[in-house]
2 protein chains.
Amino acid sequence: MDVNIKDIARISGVGISTVSRVINNKGLVSDATREKVLSVVKEYNYIPNSNARNLKTTQSKNIALMVKGITNPFFAIMIKEIERQVNLRGYPFLIHQVEDGTDEINAAIQLVKEKNLSGIIFMGGTYNHSEEKFKQLTVPFVLTTITTSQEVDPAIFSSVTINESKEAYKATSYLISLGHKNIGFLAKSPLLDETTGSRRLMGYKLALEENNLPYNAGLVEDCEYSPSSGFNAARRLLNRDRAVTAIFAASDTIAIGAAKAVLTAGLSIPDDISIIGFDGIEMAEYYHPALDTISQPGTEMALSSVGVLFDLISNRTNHQHIVYDAVLLKRGSCKMIKSR
Amino acid sequence: MDVNIKDIARISGVGISTVSRVINNKGLVSDATREKVLSVVKEYNYIPNSNARNLKTTQSKNIALMVKGITNPFFAIMIKEIERQVNLRGYPFLIHQVEDGTDEINAAIQLVKEKNLSGIIFMGGTYNHSEEKFKQLTVPFVLTTITTSQEVDPAIFSSVTINESKEAYKATSYLISLGHKNIGFLAKSPLLDETTGSRRLMGYKLALEENNLPYNAGLVEDCEYSPSSGFNAARRLLNRDRAVTAIFAASDTIAIGAAKAVLTAGLSIPDDISIIGFDGIEMAEYYHPALDTISQPGTEMALSSVGVLFDLISNRTNHQHIVYDAVLLKRGSCKMIKSR
DNA sequence: TTGTATGCGTTATCAT
DNA sequence: ATGATAACGCATACAA
């Protein structure tokens, strides 16, 4: 091991607590001793052991991000911003990837006990967590990009989200306004309860309903949030139902795969098939043709997630539920249906 | 705080050390007491405090990944696999994003002192780290996707890489073999020392040289590893030099942006301009047209990085330097130059 | 303004 | 096979 606080104290010719006061900027220390201690700290390259610190204070300053789906490019930019914001506040930050199929809340409960976290941000995953579980989380936390089922009391958690069904409604309505009647819907687990996919499906259905269009379950495909999966889903869809004139993909990654399927089939976007995605990742803009999308304000959501968390940590506020608006970006991959 | 080892001991009616032996599977414990302790542990949901543990053992089992460029989709799949592999071995894993412009080795040195890491994987960044710095790293580490400058003694570090210049040579030679003579090169910091971009530029230059083609600095553009940056760089290139018939992008993200620039300019891929990327991310395959690329074996590299690290941690084997071969994937975005 | 002593929760060394 | 007890490195109440 390296030098510790005792060494620094001895070398500086002061007591341990004086060193502690200096490195923590706490309590009264004369300028002379402060300077001396700091010089020794620097010379010996002393860095306090955070394990001992956290053990002593029974409260580390660690902020953890629990991500489900770290390969999601939309999350990538959010992660970057979240880390930046946390570091800005001088808190250590740790990213924990949650494997698909494992429970992130349980993982977090464990992490809290293990590392004495002081805050958690949950990103991605599903909504089916029980109130009881949340109550076991003894530190401030905020859900971002996800929320909970209706049964959970909003007074016990914070969230930063978009209104999934409203935004999906927006996308679908847009396609309908262009005259489309047979609109494919591609999402992950749209038929399961309490998933992002199912929320977006709700919006899709609502738009159909409001426009007196029948809901056709055959137009809904379940797929992962990836181009390859979107490709396969779109191909299944196109093979099964030749009447499809538009596709609403619940992510841009899916949309890109779907677009490829359409183009590969020798069809044109948007002349034969209109496509709209979701998220607003850079890739969608640079696809050819550029893909329309529902663009989420990822950076702002990241910013505000950290903001809400620190409000909670410093006891400044009660739980907040911030809902951002997403924006429909028209880039030309959707078009008025051609008359037949 | 929650229950601690003392509580468990008291409730179980045994001594503290017995509980410790049980939860660590160390030393002799009778089956009866073991069972009793375990039941209490379970009932009270006891989880050992890792700060105390690490403090005592002066060596946590934490493995840290230092990533520079977490938004890089190629890294994303590697990160996922690395985490999986580390967890498989029962070690806690933490991801630390290194901001562009900050020194990852310094950050790591600090992290080691703070958290008593037992191993580090470095991913991304540049090669210009001094031997002296590496020597300050008192725990096993491996560089992945990067390596060091020639001056650093290979006996003091491990690495898992591809041969950057060789693979770039491969891509460039391929374009040359198709008759291209004016080949644009897009990379991040190709003219700086000891960057991935500069290594790939070396391969590019070598291929030109071996084929008696002149090196034209005007065909080299500096850009970030992103579609937007690739788009701008390609546009600059196309505007400046109308003789360009092929573009070699040092990443698929750049290639996607470059492709967009070509298509937006009303040119065709590959009829007017051939494009080849680097990395082998999924998006490149689903671009339209699908983009040729030099595909790195990301998953295997991840796997082997963790393998090498744990060899170092346990076996005390010597340092290894594993170099993977990348594969030229032809998908149709490169074509024999049209005769003029 | 400064130093001493105590304890955070755990592991490990020693008796028993 | 089991239980006291001494560290691990630090922050802090309290004494000086």
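Everything numeric here is computed off the predicted structure, so don't read it as measured data. Order of the sequence lines sets the chain letters (A, B, ...), proteins ahead of strands, with each chain counted from 1.
- The phosphate of dT11(C) (OP1 or OP2) has a side-chain N or O of S20(B) nearer than 4.0 angstrom.
- The residue S17(A) sits close to a base: some heavy atom pair falls under 4.0 Å.
- For L28(B), the side-chain atoms get nearest to dA1(D) when compared with the rest of dC8(C), dA1(D), dT12(D).
- For the pair R34(B) and T57(B), both in contact range of DNA chain D, the more 5′-proximal nearest nucleotide belongs to R34(B).
- E131(A) and V152(A) get closest at one heavy-atom pair: OE1-CA, 3.6 Å.
- One interatomic measurement links the two molecules: CD1 of I16(B) to P of dC14(C), which rounds to 19 Å at whole-angstrom precision.
- We find that NZ of K26(A) is positioned 13 Å from C1' of dA13(D), with the value rounded to whole Å.
- Each of dA12(C), dC10(D), dC8(C) was ranked by its minimum atom distance to the side chain of K6(B); first place goes to dC8(C).
- S30(A) comes within 4.0 angstrom of sugar-phosphate atoms only, judged by non-hydrogen atoms across all strands, and of no base.
- For the 3.5 Å distance criterion, the side chains of N116(A) and R53(A) fail to qualify, holding no donor opposite an acceptor.
- Residues Y225(A) and F74(A) place their aromatic rings such that the two centres sit no closer than 6.0 Å.
- Of the two residues near DNA chain D, V14(B) and A52(B), the one whose nearest nucleotide lies more 5' is V14(B).
- N54(B) comes within 4.0 angstrom of nothing in the nucleic acid, heavy atoms only.
- E114(A) places its CD atom 14 Å from the C1' atom of dT10(C), with the value rounded to the nearest Å.
- Although no hydrogens or angles enter the test, the distance criterion places a donor-acceptor pair under 3.5 Å between the side chain of T145(A) and the main chain of G124(A).
- For dG9(C), the base has no donor-acceptor partner in the side chain of K56(B) [N/O atoms by modelled type, under 3.5 angstrom].
- Using a 4.0 Å heavy-atom distance criterion, N51(B) is classed as making no nucleic acid contact.
- Distance N116(B) CG to dT11(C) P: 14 Å, rounded to the nearest Å.
- Atom P of nucleotide dT12(D) and atom CD1 of I5(A) are separated by 11 Å, given to the nearest angstrom.
- The CZ atom of R10(B) sits 14 Å away from the P atom of dG3(D) (whole-angstrom rounding).
- Mapped onto DNA chain C by nearest heavy atom, R21(B) and Y46(B) fall at different nucleotides, with Y46(B) at the one closer to the 5' end.
- In this structure, K6(A) and I16(A) have side chains that are in contact, with non-hydrogen atoms separated by less than 4.5 Å.
- F157(B) is listed as a side-chain neighbour of T147(B), based on a closest heavy-atom distance under 4.5 Å.
- Listed nucleotides: dT11(C), dC10(D), dT2(C). Nearest to the side chain of R53(A): dC10(D).
- dG7(C) atom C1' lies 12 Å from atom CG of N4(B), rounded to whole Å.
- Evaluation of atom-type donor-acceptor distances gives no pair under 3.5 Å for the side chain of T33(B) against the base of dT2(D).
- Remark: the T18(B) side chain and the dG3(D) base include no donor-acceptor N/O pair separated by less than 3.5 Å.
- Regarding contacts with the backbone of dG9(C), every side-chain N or O of N49(B) stays at 4.0 angstrom or more from both OP1 and OP2.
- Atom CG of L55(B) and atom C1' of dA12(C) are 13 Å apart (whole Å).
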